[in-house]
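Since the model is a prediction, treat every value here as computed from it, not as a measurement.
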Amino acid sequence: MRIKTVIGVLLTAIMLFPVYWMLNVSLTRDRDLRRTNLFPVDPTLEGYRAVLSQQLPYLGTSLLVGLGTVALTVLLAAPAGYSLAKLRPRGGGLLSFAFLIAQMIPGIIMAMGFYAIYLNLGVLNSWPGLILADSTIAVPFAVLVFTAFMAGLPDELLQAAKVDGAGPLRTFTAIVLPVSRNAVVTVSLFAFLWAWSDFVFASTLDGGGALRPITLGIYRYIGNNNQEWNAIMATAVVASIPATVLLVAAQRFVATGVTAGAVKE
């Protein structure tokens, strides 16, 4: 048991070392980056000052896009999952398979398609267009999660609501959605993280917009003749905080939401 514990600690340390190195570089002066030090020599907060003075608008845009993606994903995926799980429409199995296939399409291909559509519609370089594009990645996964979770809900619960006079919409909003909290949290978390970390859609569809996400904010520090690694890593550290907090806060809901439907009693 002790050997397994030691191995587990070592593997965890190896996996977390890039995170530590990111923090180390964020506190190191640019002129000291050529040295190999496990700890910052003469640490500085210049990178974090650059984040506060230059990157806050990018962080605000990422927050806006992330929350918008979450709202649109849940709005579309929750009713679809309920329909596939409980209403069982004709062709539902084929539709579920289509959602599964949709997750295999490379993001760059989808970005090129969106670029042509947005160019014709005149919505390039806009945050609503970015929300819609990011939602196309999250919705197929969300529908599958909602379908698996809602399929495990007892039919007696829905029949009781029907006896009380509730229609399908009222049953969904008043009964199914509240008891599907774990699935909602799981879907919301993954949708937010996808939108927060997106670079392909952001650089393709919103590269010249007034409101650009943090992934493009980090990219502005990288040039042909200059790489501000101190500011880059400081921005990466700050940008990692919301995702880390959400993961820690929602981990127990995610564990239940992801495994829902895996075991049938």
Leu189 and its side-chain contact (heavy atoms from CB on, under 4.5 Å) partner, picked from Val70, Val184, Leu247: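 For Leu189, the side-chain contact (heavy atoms from CB on, under 4.5 Å) check succeeds only for Leu247.
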
Criterion side-chain contact (heavy atoms from CB on, under 4.5 Å) against Asp206, the qualifying member of Leu124, Val65, Asn125: Asn125

Run the side-chain donor-acceptor check on residues 73-82: report pairs under 3.5 Å with partners two or more places apart or on a different chain.
unit_1 : atom_1 : unit_2 : atom_2 : d
Thr73  : OG1    : Thr69  : O      : 2.7

For Arg49, salt bridge (charged side-chain N to carboxylate O under 4.0 Å, His left out) partners two or more places apart: none

Flag for Tyr219-Ser203: side-chain donor and acceptor within less than 3.5 Å: no

Would you check if the side chain of [X] reaches a backbone N or O of [Y] as a donor-acceptor pair within less than 3.5 Å?
| X | Y | value |
| --- | --- | --- |
| Tyr58 | Leu216 | no |
| Gln55 | Thr235 | no |
| Ser62 | Ile214 | yes |
| Trp127 | Arg212 | no |

Partner set under side-chain contact (heavy atoms from CB on, under 4.5 Å) for Arg29, not counting sequence neighbours: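 Partners of Arg29 by the side-chain contact (heavy atoms from CB on, under 4.5 Å) criterion, ordered by chain and then number, come out as Arg31, Asp32, Asp42, Thr44, Glu46.
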
Minimum heavy-atom distance between Pro178 and Ala174, given as atom pair plus value: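 Closest pair (atom of Pro178, atom of Ala174, distance): CG-O, 3.5 Å.
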
Residue pair Pro18 / Met15: nearest heavy atoms and the distance that separates them: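 Closest approach of Pro18 to Met15, heavy atoms only: CD-O, 3.3 Å.
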
Sequence-distant partners of Gln103, side-chain hydrogen bond (donor to acceptor under 3.5 Å, both in side chains), two or more places apart: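 Residues passing side-chain hydrogen bond (donor to acceptor under 3.5 Å, both in side chains) with Gln103: none at all.
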
Return all side-chain donor-acceptor pairs below 3.5 angstrom for residues 133-149, not counting sequence neighbours, or 'none' if the list is empty.
unit_1 : atom_1 : unit_2 : atom_2 : d
Ser135 : OG     : Ile131 : O      : 2.8
Thr136 : OG1    : Ala133 : O      : 2.4
Thr147 : OG1    : Val143 : O      : 2.7

Contact check, side chains of Trp21 and Met233, non-hydrogen atoms, under 4.5 Å: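 No, their side chains stay 4.5 Å or more apart.
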
Side-chain heavy atoms of Ser96 within contact of Leu84, under 4.5 Å: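 Side chain of Ser96 against side chain of Leu84, heavy atoms only: contact under 4.5 Å found.
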
Parallel, tilted or perpendicular: ring planes of Trp196 versus Phe192, cut at 30 and 60 degrees: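 Trp196 and Phe192: parallel rings.
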
Please list every donor-acceptor pair under 3.5 Å in which a side-chain atom of residues 151-169 meets a protein atom from a residue at least two apart or in another chain.
unit_1 : atom_1 : unit_2 : atom_2 : d
Asp155 : OD1    : Lys86  : NZ     : 2.8

